[in-house]
Amino acid sequence: MSGRELSYLQAFNEAMHQLMAEDDDVFVAGEDVAGKGGVFGSFVGLLDEFGERRMIDTPISEQAIVGLGIGAAVAGLRPVVDLMFMDFVLVSMDQIANQAAKLKYMFGGNASLPMTITTNGGAGLSAAAQHSQSLEAMLCHVPGLKVVMPATPYDCKGLMAASVREDNPVIFVKHKRMFGVKGEVPEELYEVPLGQAAITREGSDVTVIAYSRMASEALAAAATLADEGVDCEVIDLRTVQPLDIETIVASARKTNRIVVVHEAVRFGGLGAEIAAQIQEHAFDHLDAPVARVGAPFSPIPFSPALETAYVPSAERIAAEIRATMHRPAPGVTV
Amino acid sequence: MSGRELSYLQAFNEAMHQLMAEDDDVFVAGEDVAGKGGVFGSFVGLLDEFGERRMIDTPISEQAIVGLGIGAAVAGLRPVVDLMFMDFVLVSMDQIANQAAKLKYMFGGNASLPMTITTNGGAGLSAAAQHSQSLEAMLCHVPGLKVVMPATPYDCKGLMAASVREDNPVIFVKHKRMFGVKGEVPEELYEVPLGQAAITREGSDVTVIAYSRMASEALAAAATLADEGVDCEVIDLRTVQPLDIETIVASARKTNRIVVVHEAVRFGGLGAEIAAQIQEHAFDHLDAPVARVGAPFSPIPFSPALETAYVPSAERIAAEIRATMHRPAPGVTV
Amino acid sequence: MPLDPEIVKDLHRRMVRIRFFEEAAGRLFEANKMPGFIHLYVGQEAVAAGVSVALRDEDQISSTHRGHGHLVAKGGDLNKMMAELMGKATGYCNGKGGSMHICDLELNMLGANGIVGGGVPIAVGAGFANKYSGNETVSVVFFGDGSTNIGAFHEAANMAAALKLPVLFVCENNGYAEYTPREQSMAIKDVAERAGAYGMPSKIVDGMDAMAVFEATESALVSVRAGEGPYFLECKTYRYYNHHGIQNLGLSYRTDEEVEEWKGRDAIDAIEARMVADGVASEAEVEANRASIQAEVDEAIDFADSSPMPDPADLLDNVYSDAVSSDAVSSDAVNSEVRS
Amino acid sequence: MPLDPEIVKDLHRRMVRIRFFEEAAGRLFEANKMPGFIHLYVGQEAVAAGVSVALRDEDQISSTHRGHGHLVAKGGDLNKMMAELMGKATGYCNGKGGSMHICDLELNMLGANGIVGGGVPIAVGAGFANKYSGNETVSVVFFGDGSTNIGAFHEAANMAAALKLPVLFVCENNGYAEYTPREQSMAIKDVAERAGAYGMPSKIVDGMDAMAVFEATESALVSVRAGEGPYFLECKTYRYYNHHGIQNLGLSYRTDEEVEEWKGRDAIDAIEARMVADGVASEAEVEANRASIQAEVDEAIDFADSSPMPDPADLLDNVYSDAVSSDAVSSDAVNSEVRS
Ligand SMILES: Cc1ncc(C[n+]2csc(CCOP(=O)(O)OP(=O)(O)O)c2C)c(N)n1
Ligand SMILES: Cc1ncc(C[n+]2csc(CCOP(=O)(O)OP(=O)(O)O)c2C)c(N)n1
Ligand SMILES: [Mg+2]
Ligand SMILES: [Mg+2]
């Protein structure tokens, strides 16, 4: 099947078709998921194939949508519940973080929550402050949740399969600006296991750690740096919770210089956790501080002129890589 | 007025009395704040002094409580709105993080939001997973909010004065287990400015950075370590957003060894941001990785036997300080 | 038509079981043997008992912060309950949940909840699963008058109605939310008026009369099981103790007379009087039943008392269903492995 | 009693101003000159106009994602509006907000909102401030039929009723939430049935008739201003375009016939016909008014077109009211200062 190309969105959609076909316990509930097939078309065709019993258009009720998923999961189904925009996790945060995340633990293990929450994150569409956020750091701070953020069509399909088959609550975040990105995708259903990062470019000088759309920006920056004689290793985390810290630390020990990149606000973003862990686990290996690229400390502006300046880009990543490379190794005085 | 002692709770309550007396625009709305004086007694006596116009018992509606504060603030008042438990910020997260935090920015500056959200955080009362959380990392990741977490009666009063007089949305988090803690508190109203950490113990060997209840645990650990010949500097952050990074970095450059402590879950907690920034700003000064003490990766258990193991303590902090001290400085091979 | 004597006895038994369990829990709390918060169900027994006698085993129930009564009524194991409240390893949640998170999924009791209104969407989800599976099972959700002011309740009620789900909404209107009288937080006379906002049929019933609650539940369940969508039952009731803890009289937000008046209509007293009057049971039989339940409660106390505390080594169990992932995300666990 | 001709003319003027502004915005969107999302108000003009003519300047209004019409009706500056929609520095929010966050606090328009239902609690807060200040000002909140399904709406409505706040709830029931028909997401006939859940008086009015909306608003405001608490007005209306963007016919979730039927009841056509018939204005006068509004809109396009984009150097302005703190929290800003 090599060479078969699908878009990121098609890959997701194909995963949904196959997952629903293999397991009658899988259903989808959310706003405009059935008739419309999702705001961005993620669920197109599923109503025709699986009918109204399994494709449910709900009222605008993000708390009840997530709660529906929790209750149905506890009762034995395998729900996929959709929040149109990642910003809306803030509307249903109680159900996500106080209920779904904690239920199994609070109940002493006597519950299983095979629920996947799908949503669309990221900026770049001039959708302004309430429709563009990357809020994964909040979710990763809540024990009990898993958080998946695919960066390629291949992963979008394979990670979705793993998420839906997983017995824990998973938040699966597509990136709004990647729907049209194409890539090789096998026809049969396969899993990309949660918690395993991918080294998408091997290199020896510096490691760039990213996920979601920034994983491709990181590759673009690495290409630029290659022309400048800097050999970047690029890691695509794929799953941000669980975090594949082994892969990260191994690479840090190899290259000794690290740049962590995400679209989310830099302050308190996942990059902070990654930087903190790297210096914990590879302190003696670091030739420079772990650098972080993220959004500045402001809400997301509407105007393209401002949004472009706001969202991290290959150029900004490249600049940070250069700064990290130019930093003299410890002991070398300038 | 030296020598006058109040408890943490009395200090807060006195601040409220004085703030309401000085400014008729200040009012309090929340569940059981008026008749009962707050679940923990924070607002006792205010109904008698200021009447029902200014002390408002609301329905159980955390979203509408915060929204009430936002709207009243935009319309020119200076609201104090109360969420009984910090865990309930998750119920009203949309109003806090999508609305209050972003409103001024989205409106191009054409709004002012002098609102203070008061709440009670922290574990230690066997209140289990939904009544014990420390969620400040989520709030600090949202540009537009300020987050205050006092550790002493003196700060509880002075920071509350600064918070209420502040023109930005502030979340003021008392710690449930500190209400009875006594300390010197001047009678007149004074401000402790937001964003300024306090060095509560000067020392030269290692810096312990903490806030809220962990600030006193850190002092206790420092006392233990002093007996062991280790001279700890202790920083109480007081405000976690804005973060007083200058004080942190200056201390790091002095002692070269750092332990950051908080009660919140370690993964993705504020300690990660602090560690990341310290290694960014003081890389060449560090003799050991920035160490972090925080809660393990699980919801908060109910049973005292488990909760005691869960919540960071002076003992755990002391152990981490020792580990950090025993780490050989770079270049020294063992 | 008089009720089947077996049903009356069952109602009585469940109510006494709740009452004795709660009174014991209250005394242990007072004696500092019970950590955390405790919200006693005493006074409201007729609601949990009346509803649960009308249910089938497979029907789910979901509860609130005031959740002991519902679990006892559904047949909860008092040993495991008492042990959980004391934070013991032998408790329902191995001491991890406590009073506010007590549950028994085998009995289809989907849990108490510490977040007011938080359990309502989850109950609706269980109702969805019933409809999806095409069975006749009903999901019953208990909630207080105060909780109907919170958004999650509203969304869930509307969702149940819009999707026509088999959910029975049971509002326990005890007149207060913590220390605030109901009238102060809603400008309506009966909570049941809210059902109209969702197009849900509703009924108001005397929540101090277990037989009335039972009968109202039975008839509500007919339409719910028939697939006609959710139903709203408001039970007017009262909690004898303070919102939290064991104080009873002398509270600032309600009069002692009010408390006494409601106690004068005590559901257990009433049903016992009727049992004897109707010849369902003799006074001696009633007394014997009470004694045997008291023995069960006493045994539960002994069981809990003699049970061990949980082992801190189990602290991180059951965060996830797979041990692997919960280790992988624990940076502390990773620490030891990869620390250089 | 026929309406004052000045009021009729005012209603007409506001409606045409909305219509022309929105049509222009739609064309610019189609021509890719307008970034982001755009939710046009065309078809619903009678609601914004009818309500706002009844208001005093100091009354606040709060809006939704479909917010242009409300701001235009309240007297919004079309230059600043058009510039904002184009993301220009001269826009109402200096390009930082865009369509979904447009506002004019000087006109007491407290903002559009990107979160469905998110503005309702805020509007209630403004109503609280009015009552607190003891003035007669009213806070008016516009919201769609679909938004009444979300928790924030429910909490805010109940809060307003419980605290007896001067808030007018205006539901614009256009029959759809995005692509889902209203009937599918609530099991009631009229949204106004929800008012009963809060003990709020309510009225249903033809949202395609500006004069009817005006009169209903006027009479609702009497009780609201008198301190009798909130009031719920449901306006039955229709949006001519798709939920988002400028498609009109050929949509899968509604029939073209339905669209044409509603267009046959167009509020502007109707009021113009009546103005001429009643002798309020001649056809020529109506035409002249339209032309002058079109000129204002054209000028707004020019203004916006020729305005500069915001300067990225201003990206971090207005996160906080004090520049100091917003620097202090920006680790990037601190970077340069303390980097060793
Ligand atoms: C979201 C949320 N807000 C507030 C609380 C605190 N609280 C616990 S019980 C309660 C009152 C609930 O009243 P009601 O629903 O009538 O139940 P009752 O206690 O009367 O049984 C409140 C406010 C909470 N647990 N969760
Ligand atoms: C909390 C939230 N959920 C979902 C959305 C996506 N959304 C935007 S508008 C809309 C439909 C709103 O319907 P209605 O309230 O009837 O207003 P209308 O668009 O018809 O004017 C939806 C679902 C949102 N913006 N916010
Ligand atoms: Mg109650
Ligand atoms: Mg609508």
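Order of the sequence lines sets the chain letters (A, B, ...), proteins ahead of strands, with each chain counted from 1. The figures here come from the full heavy-atom set of this structure, side chains too, leaving out hydrogens, waters and symmetry mates.
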Measure distances from [X] to the heavy atoms of chain A and classify the residue's part below 4.5 Å as side chain, backbone, both or neither.
X	answer
B/Q133	side chain
B/L135	neither
B/V260	neither
B/A128	neither

If you apply the rule side-chain contact (heavy atoms from CB on, under 4.5 Å), what do you find for A/E166 with A/L194, and how did you get there? CA-CA 9 Å; A/E166 162 90 29; A/L194 304 193; 3.4 Å; yes
Does the side-chain contact (heavy atoms from CB on, under 4.5 Å) test come out yes or no for A/R257 and A/D205, once each step is laid out? CA-CA 7 Å; A/R257 292 176 194 262; A/D205 293 335; over 6 Å; no
Looking at [options], which makes the most heavy-atom pairs under 4.5 Å with chain B?
options	answer
A/N98, A/V142, A/V91	A/N98
A/P299, A/A275, A/G144	A/P299
A/Q99, A/M106, A/Q279, A/Q95	A/Q279

For residues 58-67 of chain B, which residue pairs pass the side chain to side chain donor-acceptor pair (under 3.5 Å) check, not counting sequence neighbours?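 Counting only pairs at least two positions apart or across chains, no side chain to side chain donor-acceptor pair (under 3.5 Å) contact touches residues 58-67 of chain B.
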Could you tell me whether B/E280 and A/R266 make a salt bridge, using a distance below 4.0 angstrom between a side-chain N and a carboxylate O?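 Yes, this pair counts.
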Applying ring pair (Phe, Tyr, Trp, His ring centres under 6.0 Å), name anything that partners B/F107, two or more places apart in sequence or on another chain.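 For B/F107 there are no ring pair (Phe, Tyr, Trp, His ring centres under 6.0 Å) partners, ignoring immediate neighbours.
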Parallel, tilted or perpendicular: which describes the rings of A/F85 and A/H131, with under 30° parallel and over 60° perpendicular?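 It falls in the perpendicular class, over 60°.
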